[in-house]
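Here the structure is a predicted model, which is why all the values come from computation and not from measurement.
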Amino acid sequence: DEAKTPIKQDTKKGKLRFYPYNINWNYGLLPQTWEDPAHANEDCGGVMGDNDPVDVVEIGSTTMEMGGVYPVKPVGVYAMIDDGELDWKVIAISTADPKADSINDVEDVEREFPGELEKIKIWFRDYKTPDGKPQNAYGYDDKCLNKEFTMNVIKETNEFYNLLKSGARANSEELSLAMNLDAQPRSFRVLSCICPVASLISVAIMLLTWVTVDTYCVVTKVHSHLAVSTG
């Protein structure tokens with residue numbers, strides 16, 4: 001990790017990483033959350049956290065600004081298992097979206113955006129397969145879990161974050177703990193660009209202070225309305 005957690009394109013073995021096809025949602029993270037790689041989720045076969053903040057898929061109609069911080073309503077979550085690690089995917093909608101008042105739980109998403117949850121699940125399941133890698137898996141019978149479950153995931157991962165930040169949990173991963181953004185854990189920060197092949201973004205942990213109970217997200221990747229159905 002780097003100081004001040006910059007938003008930048010990820011690399012692997014010295015090469016820039018890219019998604020094989022377009023992403024059709026705004027994609028980012030929840031500040032002040034951390035998926036602890038030393039914590040086993042027994043409901044998902046004992047897999048550990050992936051050492052990242054919690055990811056967010058924002059399903060609203062507006063293309064957000066990369067690096068922007070937006071208030072969102074979390075309404076569901078997938079327990080994705082990627083390379084043997086637990087990688088939560090929170091489903092949320094911007095509080096400014098015209099449909100935000102109509103969407104309060106996972107069943108509302110299916111009513112207002114028919115088939116969208118299945119598209120999200122398939123995109124994240126398959127996006128590595130063009131590179132010859134296996135499909136990702138999901139816990140909890142592949143279901144998108146409800147809002148109550150989602151809020152418990154956010155609460156738990158915020159507690160992991162606070163333990164790391166306070167020093168109660170050893171920083172054995174040598175993460176940068178510099179405070180650099182005044183945003184809430186339940187917010188959405190955008191980390192993405194509109195392009196035919198969306199670049200993978202290295203998402204460092206946003207070590208911030210929980211100020212309110214509002215939810216905000218940092219956007220790392222933004223969708224293109226011209227694309228066919230992402231991550």
Side-chain angles (χ1 to χ4, degrees), residues 1-39 47-58 63-69 78-90 120 122-138 157 160-161 164-165 169-181 188-208 217-224 227-228 230-231:
D1 278 45
E2 300 180 43
K4 300 185 179 179
T5 59
I7 298 172
K8 59 189 293 186
Q9 188 169 351
D10 200 8
T11 61
K12 189 169 185 178
K13 297 181 179 179
K15 296 182 179 181
L16 295 174
R17 299 181 68 196
F18 295 89
Y19 285 131
Y21 37 73
N22 207 1
I23 179 170
N24 301 321
W25 305 281
N26 296 300
Y27 186 51
L29 61 89
L30 295 179
Q32 304 172 28
T33 61
W34 182 48
E35 298 173 10
D36 188 345
H39 176 77
V47 293
M48 308 289 193
D50 73 347
N51 195 31
D52 279 338
V54 172
D55 296 329
V56 178
V57 181
E58 195 280 325
T63 299
M64 295 176 170
E65 181 181 355
M66 182 176 174
V69 181
Y78 280 113
M80 193 178 87
I81 301 171
D82 182 356
D83 197 21
E85 296 177 331
L86 182 58
D87 186 6
W88 295 108
K89 303 296 182 187
V90 166
I120 293 169
I122 291 173
W123 196 99
F124 280 99
R125 184 194 67 189
D126 293 346
Y127 80 95
K128 292 185 177 182
T129 58
D131 295 328
K133 297 179 180 178
Q135 291 179 329
N136 290 321
Y138 292 94
T157 53
F160 293 156
Y161 158 87
L164 179 69
K165 186 70 167 62
R169 197 279 199 192
N171 186 15
S172 53
E173 291 73 23
E174 299 183 350
L175 300 170
S176 173
L177 301 183
M179 192 173 292
N180 56 70
L181 177 67
F188 173 70
R189 183 175 179 190
V190 184
L191 307 175
S192 186
C193 55
I194 300 175
C195 55
V197 181
S199 60
L200 291 175
I201 305 297
S202 177
V203 181
I205 294 176
M206 311 301 295
L207 295 171
L208 315 168
C217 178
V218 183
V219 179
T220 60
K221 303 171 187 67
V222 294
H223 70 74
S224 168
V228 270
T230 128

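Residues Q135 and T129 are in side-chain contact: their nearest non-hydrogen atoms beyond the backbone lie under 4.5 Å apart. You'll find the side chain of F160 stays beyond 4.5 Å of the side chain of R169, heavy atoms only. Contact annotation: the side chain of E58 approaches that of M64 to within less than 4.5 Å [non-hydrogen atoms, C-beta and beyond]. Between D126 and Y21 the shortest side-chain heavy-atom distance falls below 4.5 Å. Proximity of L164 to N171: side-chain heavy atoms (C-beta onward) are separated by under 4.5 Å at one or more points. A 4.5 Å side-chain heavy-atom check between T33 and P53 finds at least one atom pair inside the cut-off. The closest side-chain heavy-atom distance from D55 to Y27 is below 4.5 Å.
Two rings, from W123 and Y19, have their centers less than 6.0 Å apart.
The CG atom of N26 lies 6.0 Å from the OG1 atom of T63; values are rounded to the nearest 0.5 Å. The distance from atom OG1 of T157 to atom CG of D36, rounded to the nearest 0.5 Å, is 10.5 Å. To the nearest 0.5 angstrom, E35 atom CD is 5.5 Å from D87 atom CG. Separation of atoms CD1 (I81) and CG (D50) is listed at 11.5 Å; rounding is to 0.5 Å.
A pairwise comparison of heavy atoms in A79 and L86 identifies CB-CD1, 4.0 Å as the closest pair. Taking all atoms of both residues into account, the shortest heavy-atom contact from P37 to E173 is CG-OE2, 3.4 Å.
Within a 6.0 Å sphere centred on CG of D83, other residues, nucleotides and ligands contribute 12 heavy atoms or fewer.
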task: Tell me, with the steps shown, if F124 and Y78 meet ring pair (Phe, Tyr, Trp, His ring centres under 6.0 Å).
output: CA-CA 10 Å; F124 280 99; Y78 280 113; 8.5 Å; no
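Here the side chain of T11 pairs no donor or acceptor atom with the backbone of L16 at under 3.5 angstrom. Within the 3.5 Å criterion, the main-chain N or O of R17 finds a donor-acceptor partner in the side chain of Q9.
For R125, there are no salt bridge (charged side-chain N to carboxylate O under 4.0 Å, His left out) partners at least two apart in sequence or on another chain. The salt bridge (charged side-chain N to carboxylate O under 4.0 Å, His left out) test applied to D82 returns K128, not counting sequence neighbours.
Counted by atom type alone, W34 and D52 present zero donor-acceptor pairs between their side chains at under 3.5 Å.
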